[in-house]
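These notes concern the structure reproduced below.
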Amino acid sequence: QKEVEQDPGPLSVPEGAIVSLNCTYSNSAFQYFMWYRQYSRKGPELLMYTYSSGNKEDGRFTAQVDKSSKYISLFIRDSQPSDSATYLCAMSAGNNRKLIWGLGTSLAVNP
Amino acid sequence: NAGVTQTPKFQVLKTGQSMTLQCAQDMNHNSMYWYRQDPGMGLRLIYYSASEGTTDKGEVPNGYNVSRLNKREFSLRLESAAPSQTSVYFCASSGGQANIQYFGAGTRLSVL
């Protein structure tokens, strides 16, 4: 079993939809949780970062961490065609330990 | 502010040829990483350097070598390229407790 599981999709939604992207993990030591966005033929870029449990909001994006269920989510409200990308979750236990990556979910937002 | 710069952006090699991928960061980060990304396989860590003067193997190190030249630069060398090394290679750097990584634009490598 991989330490981080992420459904690769692809996920296709109409413009304006609410999108939910998820990852599950098995290592209870993880404390730092990140979402990266990767456009086609580009490098991953940090979208959101959360420490421990709880929610974090940034514009149309909300990141949630549920440590009791070992489950993290990224919600995109009012999705736009420009949100079409691959979204990767990543997490670490801190203390400069390596990031553990999900496989990424491919999202297409159709006009 | 350039962030993480990788060269070259594209490269085609013949089997058995060698090459070095270059990476430089200007964020004063201690840690640097080399990943490869293949369809359906996600990002896989090849080598990393936690600090200047140290390097360690990741999950797929075979066929590669690295050099941490100084705090800014971390190079990846393929001594004898194989078709299985056809991939997109990303360099990243990080600093701080959370290990948030910042990526370069990638090098697309084809080995024929």
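Residue numbers begin at 1 in each chain, while the letters A, B, ... track the order of the sequences.
Using a 4.5 Å heavy-atom cut-off against chain B, no residue of residues 14-31 of chain A qualifies as contacting. Contacts between residues 39-62 of chain A and chain B, counted as heavy-atom pairs separated by less than 4.5 Å, involve A:Arg41, A:Lys42, A:Gly43, A:Pro44, A:Leu46, A:Tyr49.
Under the 4.5 Å side-chain criterion, counting only non-hydrogen atoms from C-beta, A:Met34 is not in contact with B:Gln101. For the pair A:Gln38/B:Phe90, a side-chain contact is recorded, criterion being any heavy-atom separation below 4.5 Å from C-beta on.
Between atom CD of residue B:Gln37 and atom CG of residue A:Leu88 there is a gap of 6.5 Å, rounded to the nearest 0.5 Å. Distance CG/B:Leu45 to CD1/A:Ile100: 8.5 Å, rounded to 0.5 Å. How far OG of B:Ser31 is from NZ of A:Lys98: 11.0 Å, rounded to the nearest 0.5 Å.
For B:Arg108, the part lying near chain A is the side chain, with the backbone staying farther off; criterion is any non-hydrogen pair under 4.5 Å. Proximity to chain A (any heavy atom under 4.5 Å) is shown, for B:Gln6, by neither the backbone nor the side chain. Only the side chain of A:Tyr36 comes within contact range of chain B, judged by heavy atoms closer than 4.5 Å.
Chain A forms the most heavy-atom pairs under 4.5 Å with one residue out of B:Tyr48, B:Phe103, B:Tyr35, B:Tyr102, and that residue is B:Phe103.
B:Tyr64 and B:Tyr33 end up in different hydrophobic clusters when Ile, Leu, Val, Met, Phe, Trp and Tyr side chains are linked at under 4.5 Å. Under the 4.5 Å side-chain contact rule for hydrophobic residues, A:Trp35 and B:Leu43 do not share a cluster. Under a hydrophobic clustering in which Ile, Leu, Val, Met, Phe, Trp and Tyr are joined whenever their side-chain heavy atoms come within less than 4.5 Å, directly or via other members, B:Val60 and B:Tyr89 fall into the same cluster. Under a hydrophobic clustering in which Ile, Leu, Val, Met, Phe, Trp and Tyr are joined whenever their side-chain heavy atoms come within less than 4.5 Å, directly or via other members, B:Leu13 and B:Leu21 fall into the same cluster. Cluster membership for B:Val4 and B:Phe74, using ILVMFWY side-chain heavy atoms within less than 4.5 angstrom, is not shared.
Between A:Leu103 and B:Gly42, the shortest heavy-atom distance links the atoms CD2-N, 3.7 Å.
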